[in-house]
2 protein chains.
Amino acid sequence: MLSRSRNPANQPTIGDIIQEVPVIAIHARFGASEACFGKDEEIYGESEPADCIFEVISGAVRSYKVLSDGRRQICAFHLPSDIFGLENGINYRFTAEAIVETTARVVRRHSLEYVAASDIRVARNLLSMTARNLLHAENHMLLLGRKTSLERVAAFLLEMDQRLKGTGMIALPMCRRDIADYLGLTLETVSRALSYLRDQHVLEFSETSQRQIVLQDRQQLQKLDS
Amino acid sequence: MLSRSRNPANQPTIGDIIQEVPVIAIHARFGASEACFGKDEEIYGESEPADCIFEVISGAVRSYKVLSDGRRQICAFHLPSDIFGLENGINYRFTAEAIVETTARVVRRHSLEYVAASDIRVARNLLSMTARNLLHAENHMLLLGRKTSLERVAAFLLEMDQRLKGTGMIALPMCRRDIADYLGLTLETVSRALSYLRDQHVLEFSETSQRQIVLQDRQQLQKLDS
DNA sequence: CGACTATTTGAGGCGTATCAAGAAGTGTGG
DNA sequence: CCACACTTCTTGATACGCCTCAAATAGTCG
């Protein structure tokens with residue numbers, strides 16, 4: 001099972017949604033294709049018709065909402081093997097942009113819905129994906145409503161470490177402003193929190209880049225996450 | 001169709017989930033019963049086994065998470081005809097408490113899942129409910145991450161007005177602290193925002209109670225909501 | 001009526017935002 | 001490979017919005 005083997009965290013891929021069929025078969029069954037997006041390129045805009053569903057192959061994507069005066073809230077980052085663009089209504093609820101050069105598998109929505117209408121296992125996978133997104137959103141509400149800046153940054157680092165295979169070596173694809181807009185802070189506050197954690201020997205920046213972070217004391221981070 | 005007639009906003013009731021069967025029939029089919037909860041009584045606790053699904057008949061319920069030091073984030077208020085306690089995982093993700101004296105229809109989870117496993121229309125209704133919850137959570141993330149206290153209170157009033165039939169007469173079942181914990185603020189800040197809106201003639205308190213609010217300028221509120 | 005809870009209002013403090021400047025990193029063309 | 005422009009990140013100084021603490025008022029219920 002191709003789609004299972006690269007899926008340790010039990011997150012369904014588009015292959016899993018149509019029941020563990022190897023990715024190759026999905027292409028045949030759904031006419032899935034691949035698309036490539038440059039850095040900062042928009043993949044779709046908020047309230048556009050939601051025609052396609054995407055699975056990140058490589059790169060990273062941000063999904064966000066904006067207020068009329070430009071304040072932005074990033075609601076999720078999508079990393080390789082993540083699915084995004086799954087909608088129940090007619091239109092997309094977010095704008096999605098590639099954070100770095102990104103390739104994605106693209107499935108037409110009606111193809112998937114056609115199968116889901118007759119196959120209850122497909123429908124159940126759609127439900128479990130949506131439930132997973134809901135779980136993440138609810139935890140993020142607690143973070144945005146009640147955690148301090150340090151707690152937010154600690155939670156972010158733990159989330160990224162976990163999603164980037166938990167090696168303690170985090171290669172962040174996104175800039176400080178993206179992190180800030182995800183955590184409901186400013187980029188300066190994020191930077192200060194990271195510097196503080198570095199001074200406390202909880203983490204280290206790599207020599208080459210401030211986006212490469214090495215976790216040195218995960219227990220301390222977990223304590224900060226409350 | 002009983003369940004349709006009291007359902008103008010197209011929110012599925014437990015009746016709708018099993019396809020528009022009148023409520024009477026649900027009781028027979030699922031063995032649904034009714035339960036009553038006193039003010040501040042816990043309905044279920046976070047991470048308890050999620051055995052039951054509830055539909056508010058009368059009253060109001062809050063669903064919340066807490067941090068170890070007591071900070072609380074209310075993620076949703078449940079009003080009459082709302083369903084809550086629907087989980088995809090094994091355990092509840094929130095604590096649910098009655099805000100006032102509340103009666104609810106109770107359905108055993110496995111009864112519903114038994115039907116959903118074979119009936120794709122039931123499964124699709126479960127998906128659409130979860131998607132609706134997700135939509136609300138995502139909008140609330142924007143509020144918690146990026147809106148000012150005044151914008152949050154304005155958004156709250158508009159949400160409550162809409163859910164309480166949009167008459168402009170809002171009888172809030174919850175106290176200021178509950179509102180604050182829903183909006184990621186303190187109760188004093190909520191109180192100050194409401195007083196400010198009263199001074200601006202955007203709303204009025206009823207003579208009898210500060211929980212009865214009359215909206216006088218909804219346009220102004222919508223402007224504040226960004 | 002009296003005890004208790006909920007709400008309002010005020011004064012002051014704190015945490016994060018804002019503004020600003022410099023350092024570090026990245027990319028491009030010569 | 002370096003020079004230059006540009007973006008990203010860090011750090012400092014200050015401002016401000018919301019929180020905290022406190023007290024008075026209003027509302028609720030026995």
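Atom set for the values below is all heavy atoms of this structure, side chains included, hydrogens, waters and symmetry mates excluded. Note on naming: letters A, B, ... go to the chains in the order of the sequence lines (proteins, then strands), and numbering restarts at 1 for each one.
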*Ionic contact status for B:E101 with B:K39, cut-off 4.0 Å*: no

*With B:M141 as reference, evaluate A:I74, A:L143, A:L144 under the side-chain contact (heavy atoms from CB on, under 4.5 Å) test and give the passing residue.*
A:L144

*Verify the contact: side-chain N or O of A:R211 to OP1 or OP2 of D:dT8, cut-off strictly under 4.0 Å; return yes or no.*
no

*Can you tell me how far P of D:dT8 sits from CG of A:L172, to the nearest Å?*
15 Å

*Could you tell me the separation between the CZ atom of B:R177 and the C1' atom of C:dA6, rounded to a whole number of Å?*
11 Å

*Roughly, in whole Å, what's the span from CG in A:D199 to P in D:dT10?*
11 Å

*Atom-pair distance (CG on A:L197; P on D:dT11), nearest Å*: 13 Å

*A:D40 has an atom CG; how far is it from atom C1' of D:dT7, in whole Å?*
11 Å

*Name the stems with DNA chain D in them: runs of three or more consecutive Watson-Crick or G-U pairs, distances under 3.5 Å?*
C:1-30 with D:1-30

*Inspect the contact between B:R93 and B:E87 and indicate whether a charged nitrogen and a carboxylate oxygen are less than 4.0 angstrom apart.*
yes

*asked:* I need the CG-P distance between B:L183 and D:dC19, as an integer number of Å.
replied: 10 Å

*Is the closest basic N to carboxylate O distance between B:E188 and B:R192 below 4.0 Å?*
no

*Tell me whether the centres of the aromatic rings in A:F84 and A:F54 are closer together than 6.0 Å.*
yes

*What is the distance from CG of A:D178 to P of D:dT7, rounded to the nearest Å?*
15 Å

_Can you measure A:L194 atom CG to D:dT10 atom P for me and round it to whole angstrom units?_
6 Å

*Near-ring test A:H140/A:Y182, centroid separation under 6.0 angstrom*: yes

*Classify the nucleic acid contact of B:R198 as base, sugar-phosphate or nothing, counting any heavy atom under 4.0 Å across all strands shown.*
sugar-phosphate

*Classify every nucleotide of nucleotides 10-23 of chain C by which part a protein heavy atom approaches to under 4.0 Å, writing B for the base, S for the sugar-phosphate alone and - for neither, in 5'-to-3' order.*
BB----SSBB----

*Ionic contact status for A:R72 with A:D178, cut-off 4.0 Å*: yes

*With sugar-phosphate meaning primed atoms plus P, OP1 and OP2, does B:Q212 contact a base, only sugar-phosphate, or nothing at under 4.0 Å between heavy atoms?*
nothing

*Thinking salt bridges, do A:E151 and B:R71 make one under a 4.0 Å N-O criterion?*
yes

*Mapping B:S195 and A:T208 to their closest nucleotides on DNA chain C, which lands nearer the 5' end?*
B:S195

*B:Y196 near the nucleic acid: base, sugar-phosphate alone, or nothing, with a heavy-atom cut-off under 4.0 Å?*
nothing

*asked:* Is the distance between the ring centroids of A:Y64 and A:F94 under 6.0 Å?
replied: no

